[in-house]
> 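Can you keep this structure in mind? I'll have questions shortly.
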Amino acid sequence: MKRTIIKNLLKSEDFDRTVVVKGWIRNRRGSKNVAFIALNDGSTINNIQVVVDFSELGETIMDGVGVGASLSVEGELIESQGGGQKMEVVAKKLVVLGNADPKEYPLQPKKHSLEFLREIAHLRFRTNTFGAITRIRHAMIFGVHQFFNDRGFYNIHTPIITSSDAEGAGEMFQVTTLDEKNPPLTEDGEIDYKKDFFGKKTNLTVSGQLEAELAALAMGQVYTFGPTFRAENSNTTRHLSEFWMIEPEVAFNDIVDNMDLAEDMLQYLAKYALDNCMDDIQFLSKRLQEEEKGKKEADRSMELIEKLNFVVDNKFERVTYTEAINILRNSKPNKKKKFSYIIEGWGADLQSEHERYLVEKHFKKPVILIDYPANIKAFYMKLNDDGKTVRAMDILFPGIGEIVGGSERESDLETLKSKMDALDIPQDEMYWYLDTRRFGSVPHSGFGLGFERLMLFVTGMGNIRDVIPFPRAPKQAEF
RNA sequence: UCCUCUUUAGCUCAGCUGGUUAGAGCACCUGACUGUUAAUCAGGGUGUCCUAGGUUCAAGUCCUAGAAGAGGAGCCA
């Protein structure tokens, strides 16, 4: 007999029939005569209760079988005779597929700290919290593709190994097959990368944007959704060395179209989560509220479902950098010198304390900041008519900070070249990028959305290492 | 990389101004219980007190160095 997925079984109204369920024991209770097993197969956060009557199946059938063991159960699906659940399976045949020695198995039917679970990331899928996160992560991946597909975008696989080192997005991981103890040298005594696998120095990508631009200037609307690597030594709750980034790039879009697209997308994805992952979100919400019980009311975060609905229902605040500086300059923490970095004039980069003030205290909603000073932003961003600001946009979310960074791209060849000169970016190596501006250049825009930061928002989790199955961070590449 | 904090049982943590045999809850083990809901009740401590030095009659506790983890900052998505 074929097994029924527990998620489907729990939706069933059709009782008094024989079913087969397979899964792992989450909890076990009972008395001398009867055991109650909460069985989970990963399809849903909810368990099915399996009832084992020892007088029928033998007294020893469950000896030494506890949390974590895997079972195959054939039995009758009936309306539950106990209080806590609608239905249960009364076992007729029970096979222990694989036991988990209770003395050795580290997971218990109780709360574990996230730090502990990170150390046993290979087993943490088996907890309610990571089951929920894993299902939501899948749904969000699916939602991202759905969003773009519905709007006629094409997905582009940009290269993971690249030779361009001009993107300026961060430190890079080098890719080489050279003998590290005895590399070939040039006459000058430098490492000779002409002898390396690709005949040049290569590294893992820090962004698919430049390649996505190439595609956008022929395909119109494209997006990448792939792994991204940054060798920055950053140890925070918001950074990973390996993360997944969504980068749409759209021909003929200006900065306003770009903001509209990003806002639509974030609202769509928040709604997608609410529509498709309610059970898991409810669980995470309860978990979060439990965790924050000790905090003062003012320090507690907004309830998760409420927070997601808030983003779906409210327009993001759109503010220029110059306006933001004025707000900050006149703010209480600035005047009372509560900020670690006091805002004095136009031109300084905003620190996270300033971004947090704007989002969490002043506007109390997601904020899109635009028109940053040119000198604190990347070379490819379009220069405004004032000659000193660029059409950059950052979307700031409460509790997360920058979730999206993007811009209208500089489409004028000469302006772009002089910008590259000023920043010492070699034009000959970037000939392929400049060709897009030489041949049929058009205004175009795009942005990058850190998928794990989106996951932080949707799950309410506090540490980015808990929303990716196997986090990669400085000194962390286990599993 | 910088600042702050943490490291004691399988997990979460207590352990006072240094003092005899290191504690609690949960987990686990043994037993009881005719349907449990993180079941309940009775009994049982299972330990490299992160590591290496040092101070001291005596170190889980004090000092030095290191490691690992967490939070914040910078960098950014």
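Throughout, a chain's letter reflects where its sequence line sits, starting with A, and its residues are numbered from 1.
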> Looking at B:rC28, I'd like to know if its phosphate oxygens (OP1 or OP2) sit under 4.0 Å from a side-chain N or O belonging to A:Lys103.
no

> Could you identify which residues of residues 400-408 of chain A place a heavy atom less than 4.0 Å from some atom of RNA chain B, listed by residue number, or say none?
A:Glu402, A:Ile403, A:Val404, A:Gly405

> With sugar-phosphate meaning primed atoms plus P, OP1 and OP2, does A:Ser113 contact a base, only sugar-phosphate, or nothing at under 4.0 Å between heavy atoms?
sugar-phosphate

> Does A:Thr236 make a side-chain N or O approach to OP1 or OP2 of B:rC75 shorter than 4.0 Å?
no

> Which part of the nucleic acid, if any, lies within contact of A:Glu115, taking any heavy atom under 4.0 Å across all strands shown: a base, the sugar-phosphate backbone alone, or nothing?
sugar-phosphate

> What is the distance from NZ of A:Lys86 to P of B:rG35, rounded to the nearest Å?
26 Å

> Within less than 4.0 Å of OP1 or OP2 of B:rA73, is there a side-chain N or O belonging to A:Ser352?
yes

> Considering just the side-chain nitrogens and oxygens of A:Asn463, establish if one lies under 4.0 Å of OP1 or OP2 belonging to B:rG71.
yes

> Taking 4.0 Å as the cut-off, does a side-chain nitrogen or oxygen of A:Arg238 come that near to OP1 or OP2 on B:rA73?
yes

> Tell me whether A:Asp280 contacts the main-chain N or O of A:Leu284 through its side chain, where contact means a donor paired with an acceptor under 3.5 Å.
no

> Taking for each residue the nucleotide of RNA chain B with the nearest heavy atom, is it A:Val67 or A:Asn233 whose nucleotide lies nearer the 5' end?
A:Asn233

> At 4.0 Å (heavy atoms only), tell me whether A:Phe116 reaches a base, stays on the sugar-phosphate, or touches nothing.
sugar-phosphate

> Rounded to whole angstrom, note down the C1' distance from B:rG25 over to B:rU21.
22 Å

> Give one of base, sugar-phosphate or nothing for A:Arg356, where a contact means two heavy atoms less than 4.0 Å apart.
sugar-phosphate

> In whole angstrom, give me the gap between the P atoms of B:rC3 and B:rA65.
12 Å

> For A:Glu104, report the nucleic acid contact type (base, sugar-phosphate, nothing); a contact means any heavy atom under 4.0 Å.
nothing

> Using a strict 4.0 Å threshold on nitrogen-to-oxygen distance, state whether A:Lys92 and A:Glu74 make a salt bridge.
no

